Visitor: 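Questions regarding the structure given below will be posed in turn.
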Amino acid sequence: MHDLKDLRTRPDYYKEGLSKRNKELVHLIDEILILDQKKRDIQTKADELRKRKNEIASEISRSKDDISKVETLKSESLTIGTTLADIEKQEIEFSFQLNEKTMWVPNTPSSDVPFGEDEKNNKEILQWGTPRTDKWIKPHWEIGQKLGILDFERGVKIAQSRFTVIAGLGARLERALINFMLDHAAEKGYKEIFPPILVNKDAMIGTGQLPKFDGDFYKCENELLYLIPTAEVPITSLHKDEVLTPEQLPIKYCAYTPCFRREAGAASKDTRGIIRQHQFNKVELVKITSPETSEKEHEELTHNAEEILQKLELPYRKSILCTGDIGFSAMKCYDLEVWFPSQDTYREISSCSNFGSFQARRINIKYKPNQKDKPLFAHTINGSGLAIGRTFAAILENYQTEKETVLVPKALKPYLNGLEEIK
RNA sequence: GGAGAGGUGGCUGAGUGGUCGAAAGCGGCAUCCUGCUAAGAUGUUGUAGGGUCAAAAGCUCUACCGAGGGUUCGAAUCCCUCCCUCUCCGCCA
């Protein structure tokens, strides 16, 4: 969410920022400005009437003995009350509309984000490792089924399509990856959190999942709780309505959680394998920082995610997303994509975003640079470190042997009792 | 799930219909003072939105005592609904 006062003072800055994402968003700014003006006008009117009502109330209390005066005042107050009720209705309506509209406006991209309409314009920054191109490498779902560690049929049997059972050494590998990644994060100074997996609507609004993407998530209607689509949601909201001190910053959290996404609108995408599941595991890295250090912390967080791929010796590339492809709440975002030999391409495995004060403003996370300063909004940053299921799949392919087995990456052996090979 | 108690400013805690945005204490901030420290004195001290202003400061208005409704000229205070916390009982991994 944007700062309305700032938006009022320099609307062109916001228009320009939004036009880089999508030209069709620009009109939102003018609509907001009009609504904002209407809301302020009506608020001024309402405030004046409320003021008069307050005056009358204290006048009555001061002149209780003068019965006729009191009666006159009472009736004046009642008359004002009728008018006020009507105006307040409008006030509420305008505030609602204004808030509603503002909530739908995405963050403005940072000035160093490359311009472009869609993912084709994302800019590759680096490639790491040497991609394998052996033609005999089987897709992860084939080798996974052959090895008896991925069971797609039974996943469907007990749940639905896009739910998969991981069995035996597969389950062990999944768990090893979680522990390995959490340990890596801890080593880098991230405090481990195990949050609730169901969160309320406020948390979903805070990080920007709602209102725009309603329908993408599983919700418990009777409790008004949502299954988290990412640990970003509960972790970033941990400090909701708090004013932090400079000594507390930067706050660094990591969390393993299952994540749940309905994947509506992805009907024909990645129907095979475990790349796109309704339920998947992920280790998430989250930071809360001051505006001064957020850029540096964002780079560092991205690097921390890269280190995991490096330790696992999985070839990957790093790109900066262009203005048209960047997520709703983000001002800048790096994608890490891991190599999939069977698909002869890189696939996203981590998305590391700097949100500026966009989320903090919604969640109300502030910090005081000094004791006497006014509280300012903090910056929030997050990224996957990493998506477990996709890492699992990448290992199945990148570590595959011609004998239809999968070697265990060196870094994971301690987590699998020294196991060398899944066969 | 049942019964009871309660939710007030950064914290502790008073306040049961009328200058209460809220006493007091603690904490914070500023100044002063004692040779330094510790202690002390005085003052100050929330958030959000609006208006005024070129802007900031200032001044001013409105709202906020868990949330939302209601009663009333007037609500922290009375009524209703919901949420949360605590105690007891029940159930349970």
Side-chain angles (χ1 to χ4, degrees), chain A residues 1-13 32-103 194 196-206 219-226 234 237-249 258 357 360-378:
Chain A
M1 177 147 65
H2 297 292
D3 179 1
L4 265 185
K5 270 191 203 163
D6 192 48
L7 193 142
R8 217 183 280 150
T9 359
R10 43 178 195 147
D12 291 342
Y13 166 82
I32 285 172
L33 287 175
I34 290 166
L35 268 174
D36 175 56
Q37 186 61 53
K38 281 185 179 168
K39 190 222 122 194
R40 278 150 63 213
D41 289 348
I42 208 83
Q43 189 192 340
T44 307
K45 269 192 211 166
D47 278 354
E48 270 160 22
L49 292 177
R50 280 190 280 254
K51 182 186 173 189
R52 181 58 195 149
K53 279 197 84 175
N54 289 341
E55 281 168 5
I56 291 171
S58 53
E59 252 178 276
I60 287 176
S61 101
R62 261 183 273 119
S63 44
K64 271 198 184 124
D65 331 317
D66 191 341
I67 295 168
S68 74
K69 189 178 174 189
V70 167
E71 283 312 311
T72 318
L73 287 168
K74 274 192 190 179
S75 75
E76 192 195 337
S77 184
L78 282 171
T79 314
I80 293 171
T82 324
T83 322
L84 183 59
D86 193 50
I87 287 179
E88 277 181 334
K89 222 187 269 172
Q90 296 179 51
E91 194 187 11
I92 291 165
E93 181 59 26
F94 284 136
S95 301
F96 176 80
Q97 283 181 23
L98 180 61
N99 188 46
E100 193 71 357
K101 191 137 279 189
T102 314
M103 282 295 188
F194 193 82
I197 310 301
L198 286 165
V199 296
N200 60 35
K201 200 173 178 179
D202 277 354
M204 293 288 276
I205 291 173
K219 62 180 162 194
C220 310
E221 293 281 1
N222 42 355
E223 298 285 348
L224 285 168
L225 292 171
Y226 293 78
S237 285
L238 240 32
H239 293 281
K240 182 179 163 66
D241 295 328
E242 288 183 28
V243 179
L244 306 162
T245 62
E247 301 83 64
Q248 284 177 275
L249 303 180
S357 58
R361 194 166 273 120
R362 289 177 168 228
I363 304 170
N364 191 26
I365 308 173
K366 293 183 172 175
Y367 84 105
K368 267 189 186 181
N370 288 296
Q371 276 292 2
K372 36 187 160 169
D373 289 334
K374 282 210 133 199
L376 302 171
F377 287 108

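As a basis for the values below, the full set of heavy atoms in this structure was taken, side chains included, without hydrogen atoms, waters or symmetry mates. Per chain, numbering begins at 1; letters A, B, ... match sequence-line order. Owing to the predicted nature of the structure, the values given are computational and were not obtained by experimental measurement.
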Visitor: Which residues, if any, of residues 47-59 of chain A bring a heavy atom under 4.0 Å of RNA chain B?
Guide: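 Output list: A:D47, A:R50, A:K51, A:K53, A:N54, A:A57.
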Visitor: Flag the pair A:D36 and A:R40 as a salt bridge only when some basic side-chain nitrogen lies within less than 4.0 angstrom of an acidic carboxylate oxygen.
Guide: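 Salt bridge: yes.
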Visitor: Find the partner of B:rU52: check Watson-Crick (N1-N3 plus N6-O4 or O6-N4) and G-U wobble (N1-O2, O6-N3) distances, both under 3.5 Å, and reply none if neither fits.
Guide: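 By the stated definition (distances under 3.5 Å), B:rG58 pairs with B:rU52.
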Visitor: Taking the P atom of each, how far is B:rA41 from B:rG25, in whole Å?
Guide: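 Their P atoms lie roughly 11 Å apart.
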Visitor: Both distances below 3.5 Å, Watson-Crick or wobble geometry, any strand: find the nucleotide opposite B:rU72.
Guide: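 In the structure as shown, B:rU72 has no Watson-Crick or wobble partner.
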Visitor: With rounding to the nearest 0.5 Å, note down the distance linking OG in A:S357 to CE in A:M1.
Guide: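 That separation rounds to 10.5 Å.
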Visitor: Could you give the distance separating B:rC11 and B:rU45 at their C1' atoms, to the nearest angstrom?
Guide: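 Comparing C1' positions in B:rU45 and B:rC11 gives a spacing of 14 Å.
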Visitor: Across all strands, who's sitting opposite B:rU44 as a Watson-Crick or G-U wobble pair, both distances under 3.5 Å?
Guide: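 Across any shown strand, B:rU44 pairs with B:rG28.
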Visitor: Please tell me which of the listed nucleotides, B:rU47, B:rG50, B:rG18, lies nearest to the side chain of A:T44?
Guide: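 Side chain of A:T44 sits closest to B:rG50.
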Visitor: Please give, in whole Å, the distance from B:rG46 P to A:D241 CG?
Guide: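 Nearest whole value for this atom pair: 19 Å.
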Visitor: How long is the line joining CG of A:N364 and P of B:rG49, in whole Å?
Guide: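 Rounded to whole Å, this separation is 10 Å.
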Visitor: Is there a side-chain contact between A:K69 and A:E59, using heavy atoms and a 4.5 Å cut-off?
Guide: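 Yes. Closest side-chain heavy atoms under 4.5 Å.
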Visitor: So, is A:K366 near the phosphate of B:rA48, with a side-chain N or O under 4.0 Å from OP1 or OP2?
Guide: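 For B:rA48, OP1/OP2 do have a side-chain N/O of A:K366 under 4.0 Å.
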Visitor: Taking for each residue the nucleotide of RNA chain B bearing the nearest heavy atom, is the 5' side occupied by A:D36 or by A:S77?
Guide: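 The residue whose closest nucleotide sits nearer the 5' end is A:D36.
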Visitor: How is A:R361 classified with respect to the nucleic acid when contacts are heavy atoms under 4.0 Å: base, sugar-phosphate, or nothing?
Guide: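 A:R361: no heavy atom of the nucleic acid under 4.0 Å.
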Visitor: Do A:R8 side-chain atoms and A:Q37 backbone N/O form a donor-acceptor pair below 3.5 Å?
Guide: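 No; zero donor-acceptor contacts below 3.5 Å.
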Visitor: For A:Q37 and B:rG50, what is the distance between atoms CD and P respectively, to the nearest whole Å?
Guide: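 Spelled out: CD on A:Q37 to P on B:rG50 is 11 Å.
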Visitor: Categorize A:K368 for me: base, sugar-phosphate, or nothing, with a 4.0 angstrom heavy-atom threshold over every strand shown.
Guide: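 Counting heavy atoms under 4.0 Å across all strands, no contact is made by A:K368.
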Visitor: Given atom CG of A:L224 and atom P of B:rC83, what is their separation to the nearest angstrom?
Guide: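 About 11 Å, once rounded to whole Å.
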Visitor: Could you tell me the separation between the CG atom of A:L73 and the P atom of B:rG74, rounded to a whole number of Å?
Guide: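 Computing the A:L73:CG to B:rG74:P distance gives 12 Å.
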Visitor: Below 4.0 angstrom, N of the basic side chain to O of the carboxylate: do A:R52 and A:E55 qualify?
Guide: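 So A:R52 pairs with A:E55 through a salt bridge.
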Visitor: Whether A:D47 and A:R50 form a salt bridge (side-chain N of Lys/Arg under 4.0 Å from carboxylate O of Asp/Glu) is what I want to check.
Guide: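 A salt bridge is present here (some side-chain N lies under 4.0 Å from a carboxylate O).
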Visitor: Under a 3.5 Å distance rule, please check whether A:S61 uses its side chain to pair with a backbone N or O of A:S58 as donor and acceptor.
Guide: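 Yes, the answer is positive, given that a donor and an acceptor are paired below the 3.5 Å cut-off.
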Visitor: Would you mind pulling out the nucleotide paired to B:rA23, Watson-Crick or G-U wobble, both distances under 3.5 Å?
Guide: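 For B:rA23, the partner nucleotide comes out as none, under the 3.5 Å rule.
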Visitor: Roughly how far, to the nearest 0.5 Å, is CG of A:L73 from CG of A:D66?
Guide: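 Result: 8.5 Å between the selected atoms.
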Visitor: Search all heavy atoms of A:S237 against all heavy atoms of A:A203 and return the closest pair with its distance.
Guide: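 In this case the closest contact between A:S237 and A:A203 is OG-CA, 3.9 Å.
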Visitor: Taking the C1' atom of each, how far is B:rU44 from B:rC86, in whole Å?
Guide: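 Their C1' atoms lie roughly 36 Å apart.
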Visitor: With rounding to the closest Å, how many angstrom separate the P atoms on B:rC65 and B:rU8?
Guide: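 Per the computed distance, 12 Å lies between those P atoms.
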Visitor: Assign A:K39 to base, sugar-phosphate, or nothing according to its heavy-atom contacts below 4.0 angstrom with the strands shown.
Guide: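 Sugar-phosphate, backbone atoms only, no base.
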Visitor: Strictly by Watson-Crick or wobble contacts shorter than 3.5 Å, is anything paired with B:rU37, and which nucleotide is it?
Guide: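 Pair assignment: B:rU37 / none.
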Visitor: Please state the C1' separation for the pair B:rG50 and B:rG66 - nearest whole angstrom.
Guide: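 After rounding to an integer number of Å, I get 26 Å for this pair.
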Visitor: Go ahead and name the base partner of B:rU85; Watson-Crick or wobble counts if both distances stay under 3.5 Å, otherwise write none.
Guide: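 In the structure as shown, B:rU85 has B:rA5 as its Watson-Crick or wobble partner.
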Visitor: May I have the distance from A:I363 (atom CD1) to B:rU47 (atom P), rounded to whole angstrom?
Guide: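 Rounded to the whole Å, the gap is 21 Å.
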Visitor: When the P atoms of B:rU16 and B:rG69 are considered, how many whole Å apart are they?
Guide: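 So the two P atoms sit 26 Å from each other.
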Visitor: Please measure how far the P atom in B:rA93 lies from the corresponding atom in B:rC79, and state the result in whole Å.
Guide: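 Each nucleotide's P atom is 41 Å from the other's.
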Visitor: Heavy atoms only, 4.0 Å cut-off, all strands: where does A:I60 land among base, sugar-phosphate and nothing?
Guide: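 Contact class for A:I60: base.
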Visitor: Can you check the distance between B:rG15 and B:rC83, where both ends of the measurement are the P atom (answer in whole Å)?
Guide: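 To the nearest whole Å, 29 Å.
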Visitor: From CD of A:E91 over to C1' of B:rA48, roughly how many Å is that when rounded to an integer?
Guide: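 So the two atoms are 13 Å apart, to the nearest Å.
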Visitor: Over how many whole Å does the gap from A:K5 atom NZ to B:rG51 atom C1' extend?
Guide: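 Going from A:K5 (NZ) to B:rG51 (C1'), I get 12 Å.
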